[in-house]
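Below is one structure; the comments refer to it alone.
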Amino acid sequence: MKYPMTRSVNPVVVLLFLVAGSFCNGQSHPKLILTKSGVEKIRSELGKMPLFDASLKSIQEEVDAEIEWGIDIPIPKDYSGGYTHERHKRNFFIAQKAGVLFQILQEEKYAIYVKEMLLQYEAIYKDLPIHPKPRSYARGKLFWQCLNDSNWLVYMSQAYDCIYDWLSKKERRALEKNLFKPFANWISIKNPQFYNRVHNHSTWGNAAVGMIGLVMGDEELVERALYGIPNDGLKADAKDNDGGFIKTEGKAGFLANLEEPFSPDGYYTEGPYYQRYAMYPFLIFAVGLHNVKPELNIFAYKDSVLLKSVRTLVDLTDKDGEFFPVNDAQKGMSYHSRELVTAVDIAYQYGTKNPELLSIAHAQNRVALDDSGMAVAIDIRAGKKKKYKKESVNYADGPQGAQGGIAILREDTLELVFKYTAQGLSHGHYDKLSFMLYDHGEDVLQDYGMARFVNIEQKGGGNYLKENKSWAKQTIAHNTLVLDQNSHFNGKYEKGSQHHSELHFFDAANEGLQVVSAKETNAYTNTEMLRTIAFIQEETFEKPFVLDIFKVNAEKEHQYDLPFHFMGQLIHANFKYEMPAKLEALGSKNGYQHLYVEGKGKPTADNTKLSWLRHNRFYTLTTITADGDELFFNRLGAKDPQFNLRRDASFMLRRKNTQSTLFVSTIEAHGSYNPVTELSVNASSSIEKLQVVFDSEMYTAVTIENGKGASGLFILSNKNSSKKDKHTLTINTKNYQWTGPYHFVEHKL
């Protein structure tokens, strides 16, 4: 129901509220995110901090428009994207901003707005039933899931803190008794399957309970937030919205969620998309703990992993700041999101004040209206920002950094993301040793991301679609190897969660030659997969090229499928293929049911080539093929009557009835096309011949020859990854000696 805002207030009543509030329990507010001293400094600097002032003006205009429109507290009934869902969501965003404006501008209309909204929520909450939509494993009351209820409480606790001293004791008592305490109990004690787990969902729940506990001075709630619910009585592991079971193993609470999903490098096991989402409750609650319970020294916890993780998260973005779509991820999400604005500001203020973070804040073009945003704005004003340097990096996964990892190779305009992580909790995909390739911030070989239209009600209520399981999570949806049309770990979460890939080696010390190599031994029974990817810069090539060596040792024969999900317009293929008169699916399950076969052929040369055009730049895949190999052009769209999947294309190499085998490919970025002059430049591949010249259990050697009289020999040690050990190998009567797990030799033909 929509209520008009009060247009005036008795100044005598306001004065009484101020006097009564200022002595309540001897507490001084705000103390959660904003502080008394911080607010005073912000006020003294207003008009002198361009970035902060612009952010303040924008938010003031937004909140003023909402105040003019009035307050609406509808009875909940919708999934994500529906009116009631979006209205309650907007309410908590606006209330938090209004509370901040009250503190900074000292205009009572903002406090009145927050108070009336909270009192209207208090009036309905005590009689509010569970949300009518049944899909969630933990249903909320205002929202269809406890996760969104937790979002509400995280933001509303900040709003409450900002007007706490302005409210009367009676109003605070009513809000805490009828709204905040029952709300905190609902998302925790009443829903332990949501609250007592290690997952981004419970992080929001822990932060929500803890933050309102800090504002209210309720130590029991704060303890519950930090350590979870003791003896919650759960008989089984929690099951999330996407069907995955989360092993709690007795670990719960904010500290467990800080300890378990983060590696010592600051990599969050669910991937950057969900790390971005979780960073807000992680960091905003940490600030509250820092201000109210400084004895916890929360920002130093686990070697300052929270602050370190912000840098890691920024590193996991492409040239344009968009997060690489690892695991469940909506493509296009970037560090311009509201969560990362807060994260960058907090990491700067409470960390080492890294001036490179200021350049990210400058690119975001706004700051949080709090102590950290002020610190960032002041130092940007002082000219302290430095360019953020994105370099090749390897981040370990797992709480001790011993559960695989993720590597990013960067060279010129190219970025390659190589994934050899742990499962990634319930949002993980079955894509061991997969990779994605970017050029100028655009994906050239893509990871599909997730099958979900967030907050678009017409698409499954904005929730995960069934195609997320049937396609996006399946191995064939990624650029990695599939055996016998079965996904890694048979697509079983419980099995996948027990294993992780292992780093063979990573070396990015030489900008002209960067290599990462990892192995997977559990995705398929009695099968070892070793994938090695190198960025190689050779002077006769326009740009660095990718060398991909995928070695498989198996105890029995299999069918091997290696897909390449290329983005762009097909330009040329050097093999003959036939297009079917009728489109049929590539298979019946494990993602294959969603792929139409648009063309099928066989190799006509030792090297199969495929070229395509993407954003007026050319790319060529060269892969070594043999007699008996099959080549497929596939396209998404089969068994997708609701058109939930994009109609993306892919190329696939199939090798049947083979035991151990080797796949070797290169990917080149080259040339350009100008649609104005209608001229193409360097539109053809530079690689003339790709050849395996040696392959054994211990070593693999590949030569790359181009048409300009140059050749390169890459030798890989398949077993010994030591950087110190020496090797000797004879290839075609010529001896090669080197130190370390690989060797690259260039020479003129």
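For the single chain, residues carry numbers from 1 onward in sequence order.
The backbone N or O of D320 sits less than 3.5 Å from a side-chain atom of D318, completing a donor-acceptor pair. The backbone N or O of L32 sits less than 3.5 Å from a side-chain atom of N291, completing a donor-acceptor pair. Remark: side-chain polar atoms of D397 are not paired, donor with acceptor, to backbone N or O of G404 under 3.5 angstrom. Distance alone, capped at 3.5 Å, places no donor-acceptor pair between the K390 side chain and the D315 backbone. Remark: the backbone N or O of T475 is paired with a side-chain donor or acceptor of S487 at under 3.5 angstrom. Under a 3.5 Å cut-off, the side chain of S263 and the backbone N or O of G398 do not form any donor-acceptor pair. Between the side chain of K432 and the backbone N or O of A523 there is no donor-acceptor pair closer than 3.5 Å. A distance-only check finds no donor-acceptor pair linking the side chain of N148 to the backbone of W144 [under 3.5 Å]. Although no hydrogens or angles enter the test, the distance criterion places a donor-acceptor pair under 3.5 Å between the side chain of S202 and the main chain of R197. In this structure, D149 contributes its side chain and F143 its backbone to a donor-acceptor pair below 3.5 Å.
Looking only at side-chain heavy atoms (C-beta outward), Q145 and R139 stay at 4.5 Å or farther from each other. For the pair Q275 and L313, the minimum side-chain heavy-atom distance is below 4.5 Å. Using a 4.5 Å heavy-atom cutoff, the side chains of H131 and S136 are not in contact. Within the 4.5 Å cutoff, the side chain of K251 has heavy atoms near those of the E260 side chain. Looking at heavy atoms from C-beta onward, L358 lies out of side-chain contact with K386 at the 4.5 angstrom threshold. Between V305 and P264 the shortest side-chain heavy-atom distance does not fall below 4.5 Å. A heavy-atom distance below 4.5 Å is not found between the side chains of F52 and V376. Under the 4.5 Å side-chain criterion, counting only non-hydrogen atoms from C-beta, V287 is not in contact with Q349.
The heavy-atom pair separating V100 from L369 by the smallest distance is CG1-O, 3.3 Å. Taking all atoms of both residues into account, the shortest heavy-atom contact from F506 to V393 is CZ-C, 3.7 Å. Minimum interatomic distance between M279 and S309 (heavy atoms only, all atoms of both residues): CE-OG, 3.1 Å. Heavy-atom minimum distance, F194 versus I187: CD2-O, 3.2 Å. Shown here for A472 and A451, the closest heavy-atom pair between the two residues is CB-N, 4.0 Å. Between L433 and T480 the shortest heavy-atom distance is O-OG1, 3.4 Å.
Going from atom CG of D370 over to atom CD1 of I346 covers 6.5 Å, rounded to the nearest 0.5 Å. One finds the OH atom of Y160 at 8.5 Å from the CG atom of L118 (value rounded to the nearest 0.5 Å). Taking NE2 of H336 as the start and CG of L340 as the end, the distance is 9.5 Å to the nearest 0.5 Å. I42 CD1 to M374 CE: the interatomic distance, rounded to the nearest 0.5 Å, is 5.0 Å. Atoms CG and CZ, on L175 and F183 in that order, are 13.0 Å from each other to the nearest 0.5 Å. From N185, atom CG reaches atom CD1 of I229 across 9.0 Å, with rounding to the nearest 0.5 Å.
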- So H201 and Y274, side chain to side chain donor-acceptor pair (under 3.5 Å) or not? Walk me through it. CA-CA 10 Å; H201 285 195; Y274 274 100; over 6 Å; no
- Please step through side chain to side chain donor-acceptor pair (under 3.5 Å) for the pair N257 and E259, ending with a clear verdict. CA-CA 5 Å; N257 272 284; E259 181 69 36; over 6 Å; no
- Task: Could you walk me through whether Y79 and H85 pass ring-ring contact (aromatic ring centres under 6.0 Å, His included), step by step?
- Result: CA-CA 6 Å; Y79 280 125; H85 180 99; 8.9 Å; no
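N354 and T352 share no side-chain donor-acceptor pair at under 3.5 Å. Of the N and O atoms on the side chains of Y420 and N394, at least one donor lies less than 3.5 Å from an acceptor on the other residue. Between the side chains of E295 and N297, no donor-acceptor pair is found at a separation under 3.5 Å. No hydrogens or angles considered: nothing links the side chains of Q423 and S497 as a donor-acceptor pair under 3.5 Å. A donor and an acceptor atom, one from each side chain of N200 and E270, are located under 3.5 Å apart. Under 3.5 Å, the side chains of Q158 and D161 contain no donor-acceptor pair of N or O atoms. Side-chain contact, D379 with Y348: a donor N or O sits under 3.5 Å from an acceptor N or O. A donor atom on one side chain and an acceptor atom on the other are not found under 3.5 Å apart for D447 and S434. Of the N and O atoms on the side chains of S426 and H199, at least one donor lies less than 3.5 Å from an acceptor on the other residue. With no hydrogens or angles considered, a side-chain donor-acceptor pair links E520 and S501 at under 3.5 Å. The closest side-chain donor-acceptor pair between Y438 and R410, if any, does not fall under 3.5 angstrom. In the model, N196 has no side-chain atom that pairs as donor or acceptor with a side-chain atom of R224 under 3.5 Å.
A salt bridge links K181 with D218: at least one charged nitrogen is closer than 4.0 Å to a carboxylate oxygen. Using a 4.0 Å cut-off between charged side-chain N and carboxylate O, R276 and E339 make a salt bridge. Here D431 pairs with K419 in a salt bridge; the nearest charged N to carboxylate O distance falls below 4.0 Å. Note on K389 versus E391: no salt bridge recorded, every NZ/NE/NH1/NH2 to OD/OE distance being 4.0 Å or above. For R452 and D328, the salt-bridge test fails: no basic side-chain N is under 4.0 Å from an acidic carboxylate O.
Using the six-membered ring where Trp is involved, Y164 and H29 have ring planes that are parallel, under 30° apart on the 30 and 60° scheme.
Taking the six-membered ring where the residue is Trp, the centroids of F285 and H290 are separated by 6.0 Å or more. Separation of the Y268 and F262 ring centroids falls under the 6.0 Å cut-off. Aromatic pair Y267/Y395: centroids not less than 6.0 angstrom apart. Between H88 and Y121, the distance separating the two ring centers is shorter than 6.0 angstrom. Two rings, from H429 and H488, have their centers 6.0 Å or more apart. Taking the six-membered ring for Trp, Y277 and F282 have ring centres at least 6.0 Å apart. Taking the six-membered ring for Trp, F418 and F435 have ring centres at least 6.0 Å apart.
With a 6.0 Å radius and a threshold of 12 heavy atoms from other residues, nucleotides or ligands, K385 has its NZ atom at or below the threshold. Residue-environment remark: NZ (K353) exceeds the threshold of 12 foreign heavy atoms within 6.0 Å. In H499, the NE2 atom is crowded: over 12 heavy atoms of neighbouring residues, nucleotides or ligands sit closer than 6.0 Å.
Here E176 pairs with nothing under the salt bridge (charged side-chain N to carboxylate O under 4.0 Å, His left out) rule; sequence neighbours left out.
Because its NZ or CZ atom is both nearer than 6.0 Å to the ring centre of W186 and within 45° of the ring axis, K141 counts as a cation-pi partner of that residue.
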